[in-house]
Amino acid sequence: MVESRHDSAKVRRAHLWLENLPTAVSVSCLGHERRILFGNREFKRTFGDVTHELPTLTAWAEQACPDECDRADTLAWWDAASSGAGAADRMRPKRLLVTCKDGIPRDMLLSANVADDTLITTFVDLGERHPPACTDNGDAPDPGPARQRRREAERASILRDMLHDAPLSSLCKRIVQATEAEDPDSLCSILLLDDDGKHLSVLAAPSLPAVYNAAVDGVVIGEGQGSCGTAAARGELVVVEDIDSHPAWRAYRTAAARAGLRACWSHPVLSPDGQVLATFAIYYREPRAPSASEIELIQAAADLTALAIERTRHRSALSYRTEFEKTVRDISSAFLSQTVAGLDDAMQYAMERIGSCAKANRCYLFLLSDDGTTMNCTHEWCAPGVLAQIDDLRGLEVGKYPWLAEIARSGSTAKITEKDFHLLSPQERRAFAEGDIRSMLAVPMFGSVSGAMKGLLGLDDVASVDRWGEFEWRLLRVATDIISSALARHALEQRLLFEARHDALTGIANRRAFGENLLMELERSARYRKESCLLLIDVDHFKPINDSHGHDVGDQVLQALVDVLAARLRKSDILARWGGEEFALLLPDTDTRGANLVAEALRNAVIAARFPGIGHITVSVGGTCLRAGDSMQTLFRRVDEALYAAKNQGRNCCVMR
């Protein structure tokens, strides 16, 4: 529902933007049907109502192109654009003499561009416009025919460059130069809104002195911050006729005087929904007020700048979305192909790709403890120059972060900016301050089986506020689900690997794992001529325990026995359940004397221990050292003989062979 409303709002803004363009625009279906879906106000004024009079481009051609050759050629040009011939989004514009609704032929430039499943056509009038001989308020008359043609031709050229994705800086420089060409005494500039939404930076000001541009670069948006800062704050035209005496210029009066500037009129550049994108300013070296035609000129320049910025932003947003979606696909592929040992590398790759793609300063993963009371930062990526925090984010008490409980309960994404800091706990505020965090986005991660929150994927921004939106939320949710699935898969693989190599009852190595380790020790002993020994430990009279007390008690005895033995072994020693009540013990770097001492120590420890349900037990131990040329068969033949000898000697003893 939220996504539907969001998309509807975008469509409405796009329609509003197209509707208010001073250039005729039509949006039609691709293919031979050529049905017109939308025509803006200028299109209807020039050609007619798209609902009744001009339902298709064919109907438009029949009215606007009386000449059959022109009509056929125009329809063929549209067909080529619709089919994508020659890269439809870069079709060469077509110049055509068009008969308009009023019956007057006009020289027009048609440009076609494909967007999604539609064909967008712009109709730029290149024909003569005859100005009145005079104006009622004494203003200068409109430009003459030649000048008007130059203006329209330059505008059409800029619009074509927009469609062809020229860089924003290049487009804005051309808009500034075209405006200055209208009045050689003017000097123009465009200041672009920064990502933080609080400052304006110089985007295009080719005629202004570099020292002045440096002085106003980064001007704060607000009252009294020159014409541009004030215009951006008010969202309306600000006219300063004399910089020397106007209070808005107090902070920049010296810089303006050094540059020889005396008047400045600034118009906000607005998006279709009324948000400030930039400012367009006209400077003069003498105090002066604008005429009506000059106000129209600066407004037209601001509107054209808005088109350039919006077009660039739309293309940038499309590229960003495409890259983010590719990032999610690449992360999915990385986790699908990673091995058990490669999980950490895949996690770090995911943090780097997500963080850099989202233009974050940090991207990190927190995992909660099994009881959900603490959390640890397990993986972190930081942009160059940003302080890493992972070492300080261990063992954090979940109870001190109230918003965690809220996202765990609701399953929603948490977005916290510096505007919300006053609502946070002291612990949370300290964490944000230590990380210089101005904005954070945290997506909860849930277990696929239990449904409980297992951790979170987070992004930090130390430079700007409120930059991430619903698109990032949705994509991060997908990425979080991928990571959650990878962790669940890893846990399953680890459990299966453990079960494949460990005894289910006692948790120590099983016969298979012990055999692999013994083979490696045989090779190591032969290569480096190291002494190692093997012991077999068997519980004396174990069958009567099972028969008299039951298998449950027998299992408890074996578990307790493993605890007694393991407590007296080195980390390098390997204890395994060899079968039933029999245990194998590998003692690396141990000679016969040492192995005998270990065997006696273990036997005595068993005698001293009490076992559940039965009290005391004893064990018999057989042992042997690895010898040159030994195989698994020869080694176990000797150790079996030693164990058999220990039992024949009355049990509860050790025999080495």
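Note that the coordinates shown come from a computational prediction; the quantities given were computed from them, not determined experimentally.
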Regarding R637 and S631, is there a side-chain donor-to-acceptor distance under 3.5 Å anywhere? no
All heavy atoms of L192 vs all of I309, minimum pair found to be CD1-CD1, 3.8 Å
For F514 and L575, what are the C-alpha separation, side-chain angles and deciding distance, and is it a side chain to side chain contact (heavy atoms under 4.5 Å, CB included)? CA-CA 8 Å; F514 188 83; L575 179 66; over 6 Å; no
Show, in sequence, the C-alpha distance, side-chain angles and deciding distance for W381 and Y349, and conclude whether the ring-ring contact (aromatic ring centres under 6.0 Å, His included) test is met. CA-CA 9 Å; W381 169 85; Y349 171 76; over 10 Å; no
Measure the shortest side-chain to side-chain distance between F583 and D538 over non-hydrogen atoms and say whether it is less than 4.5 angstrom. no
Smallest heavy-atom separation, D371 atom then S369 atom, equals OD1-OG, 2.6 Å
R394, CZ atom: more than 12 neighbouring heavy atoms under 6.0 Å: yes
Nearest-0.5 Å distance, CG of residue L496 to CZ of residue R501: 13.5 Å
To the nearest 0.5 Å, tell me how far E641 CD sits from Y644 OH. 11.0 Å
With a 4.5 Å limit on heavy-atom distance, are the side chains of D503 and T506 in contact? yes
Suppose the criterion is ring-ring contact (aromatic ring centres under 6.0 Å, His included): which pairs have a residue in residues 519-575, not counting sequence neighbours? none
Spacing of OG belonging to S620 relative to CZ belonging to R651, to within rounding of 0.5 Å: 6.5 Å
Whether S485 side chain and D481 backbone form a donor-acceptor pair below 3.5 Å: yes
Are side-chain heavy atoms of E600 and N604 found at a separation under 4.5 Å? yes
Worked check of side chain to side chain donor-acceptor pair (under 3.5 Å) between E521 and S532: CA-CA 8 Å; E521 188 61 26; S532 297; 2.7 Å; yes
Which atoms form the tightest heavy-atom contact between S201 and D194, and what is the distance? OG-OD1, 2.6 Å
By side chain to side chain contact (heavy atoms under 4.5 Å, CB included), V386 pairs with (sequence neighbours left out) N361, R362, C382, A383
Just by modelled atom types, is the A500 backbone N or O under 3.5 Å from a matching donor or acceptor in the N510 side chain? yes
With the side chain counted from C-beta on, respond yes when F432 and R429 share a heavy-atom pair under 4.5 Å apart, and no when they do not. no
Determine, step by step, whether M347 and I483 satisfy the side chain to side chain contact (heavy atoms under 4.5 Å, CB included) criterion, reporting the C-alpha distance in whole Å, the side-chain angles of both residues, the deciding distance to 0.1 Å, and the verdict. CA-CA 8 Å; M347 287 290 185; I483 293 173; 3.6 Å; yes
Point-to-point distance, once rounded to the nearest 0.5 Å, from CG of L387 to CG of D392: 8.0 Å
Does a donor on one side chain and an acceptor on the other come within less than 3.5 Å for D217 and H199? no
Counting only N and O atoms by type, is there a donor-acceptor contact under 3.5 Å from the side chain of R311 to the main-chain atoms of L168? no
Quick check: does any side chain N or O of D555 sit under 3.5 Å from a backbone N or O of D552, one acting as donor and the other as acceptor? no
Could you walk me through whether E397 and K400 satisfy the salt bridge (charged side-chain N to carboxylate O under 4.0 Å, His left out) test, starting with their C-alpha distance in whole Å, then the side-chain angles of each, then the deciding distance to 0.1 Å, before giving a yes or no? CA-CA 6 Å; E397 297 180 39; K400 294 182 178 180; 3.7 Å; yes
Are side-chain heavy atoms of R313 and L277 found at a separation under 4.5 Å? yes
When you look at R524 and D589, which way does the salt bridge (charged side-chain N to carboxylate O under 4.0 Å, His left out) test go after all the steps? CA-CA 10 Å; R524 191 182 77 90; D589 301 319; 3.0 Å; yes
Under the 3.5 angstrom rule, does the side chain of R593 hit a backbone N or O of N596 as a donor-acceptor pair? no
Donor-acceptor pair, R438 side chain versus V462 backbone, under 3.5 Å? no
From I545, N546, I537, V539, residue fulfilling side chain to side chain contact (heavy atoms under 4.5 Å, CB included) relative to E581: V539
Between R511 and E582, does the salt bridge (charged side-chain N to carboxylate O under 4.0 Å, His left out) criterion hold? Intermediate values first, please. CA-CA 11 Å; R511 186 169 184 147; E582 195 171 60; over 6 Å; no
Could you walk me through whether D461 and M440 pass side chain to side chain contact (heavy atoms under 4.5 Å, CB included), step by step? CA-CA 6 Å; D461 195 320; M440 182 196 76; over 6 Å; no
Nearest 0.5 Å please: distance from the CG atom of L459 over to the CG atom of L441. 5.5 Å
Do the side chain of S484 and the main chain of F446 share a donor and acceptor less than 3.5 angstrom apart? yes
To the nearest 0.5 Å, how far apart are SG in C377 and CG in L367? 9.0 Å
Determine whether a donor-acceptor pair (N or O, by modelled atom type, separation under 3.5 Å) exists between the side chain of T417 and the backbone of S439. no
Considering the options V639, L643, D640, which one meets the side chain to side chain contact (heavy atoms under 4.5 Å, CB included) requirement together with T624? V639
Walk me through it: do R353 and E325 pass the test salt bridge (charged side-chain N to carboxylate O under 4.0 Å, His left out)? CA-CA 11 Å; R353 286 295 304 272; E325 290 165 355; over 6 Å; no
What pair of heavy atoms forms the shortest contact from Q389 to G435, and how long is it? NE2-CA, 3.2 Å
Should the pair H502 and F498 be assigned to parallel (<30°), tilted (30 to 60°) or perpendicular (>60°) ring geometry? parallel
Within the 4.5 Å heavy-atom criterion, are L476 and T413 side-chain neighbours or not? no
Non-hydrogen side-chain atoms of I617 and V557 separated by less than 4.5 Å: yes
Do R512 and E516 meet the salt-bridge criterion of a basic N to acidic O distance under 4.0 Å? yes
Taking it one step at a time, do L561 and F611 satisfy side chain to side chain contact (heavy atoms under 4.5 Å, CB included)? CA-CA 8 Å; L561 175 62; F611 291 83; 4.0 Å; yes
Side chain to side chain contact (heavy atoms under 4.5 Å, CB included) partner of M445, chosen from L368, L456, L365: L365
Minimum heavy-atom separation for R603 to V619, with atom names? CG-O, 3.9 Å
R638 (side chain) donor-acceptor with C625 (main chain) under 3.5 angstrom: yes
Using a strict threshold of under 4.0 Å (side-chain N to carboxylate O), is an ion pair present between E310 and R315? no
What are the two closest non-hydrogen atoms of T327 and I354, and how far apart are they? CG2-N, 4.1 Å
Without swapping roles, check the side chain of D540 against the backbone of N652 for a donor-acceptor pair under 3.5 Å. yes
Close side-chain approach of V328 and I482, heavy atoms under 4.5 Å: yes
